[in-house]
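All ligand and atom numbering here is 1-based and tracks the order in the structure.
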Amino acid sequence: MNATRWSAERVKSLKGQAPFACSTAYDYAMARLVDAAGIPLILVGDSLGMAMLGYSSTIPVTMAEMLHHTAAVSRGAAAALVVGDMPFMSFQGSPDQAVENAGRFLKEAGAGAVKIEGGEIREPLVDRLVRNGIPVLGHIGLTPQSIRALGGYKVQGRKPAEVEQILKDAQALERAGAFAVVIECVPAAIGREVTESISIPTIGIGAGPHCDGQILVLHDLLGFESGVKPRFVKAYADLDSAIRRALDAYRDDVAERRFPGPEHAY
Ligand code: KIV
């Protein structure tokens, strides 16, 4: 990965190449680190509702919250494509309002693209956004903004009718001009089938090893304790424990007059 800025078109060109890693980020400090790792796509996911804001789902996340965090990530990401996630009810209502909200991610928050949950049903909107110069990342399979309708966080694509719909969803997004599509929580065989059936990259999260790319929520991959750990998560660090240890040590040093020492005083 070189330091040239990643565009949606450039991410699209990764189809069929070596698998690539993507991550979420929600603030400037973390975006700098993810960017420095050469990760081509940073998603400011509406998972920020749980990871950063303490909500129990993505449903309450607002446009104002998404724009605030996306702008911080854009300031930290020198090379990665920053994708702003359109929150619940920012695009499901009127198409005009959806276009306006999507535009705000580029205009006010410095994003290079937006992500929208839903497949076939979003084809007209994605087509309109792309024609208006707003690159779109699709999101199919388990779409967390629909958990009330789906009855919870469940693996999708277990029944033949669901598989058929997931394939239709992926193909509709490709037709509409999405540059890539996230596939969440489907059996690995479905991840493979979708990947082989479209000419844009698939980015899997719990969708098996055959997707063109993978994405994880940053707080999961860094090992922050969240109470729930889906099977598809791999933690590459245990920051929760590291931070607890650091804070305990700081508290004790202050209480026992070990900090500040002479080297910290003027
Ligand atoms: O909001 C999010 O972080 C996402 C990823 C899990 C793909 O949608």
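For the atom pair Arg32 CZ and Arg75 CZ, the distance stands at 13.0 Å (nearest 0.5 Å).
Each of the following atoms of ligand 1 lies closer than 4.0 Å to a heavy atom of Asp46: 1 (O). Every atom of ligand 1 is numbered from 1 in the order shown, and the set under 4.0 Å from a heavy atom of Lys115 is 8 (O). Residue contact check: Asp85 has heavy atoms under 4.0 Å from atoms 1 (O), 8 (O) of ligand 1. Numbered from 1 in the order shown, with element, the atoms of ligand 1 that lie under 4.0 Å from a heavy atom of Gly45 read 1 (O), 2 (C), 3 (O).
Protein heavy atom at the shortest distance from atom 4 (C) of ligand 1 is Leu43 CD2, 3.6 Å. Of all protein heavy atoms, the one closest to atom 6 (C) of ligand 1 is Ile205 CD1, 3.5 Å. Ranking protein heavy atoms by distance to atom 2 (C) of ligand 1, first place goes to Ser47 OG, 3.3 Å.
The side chain to side chain contact (heavy atoms under 4.5 Å, CB included) with Val130 is formed by just one residue from the set Asn132, Asp127, Val126; it is Val126.
Taking distance alone, with nitrogen or oxygen atoms compared against 3.5 Å, Thr24 stays at or beyond that limit from ligand 1. In terms of polar-atom proximity, defined here as any N/O pair under 3.5 Å, Tyr26 makes no such contact with ligand 1. Close N/O approach between Glu184 and ligand 1 is not found [any backbone or side-chain N/O within under 3.5 Å].
Residues Leu67 and Ala109 share a closest heavy-atom pair of O-CB, 3.7 Å.
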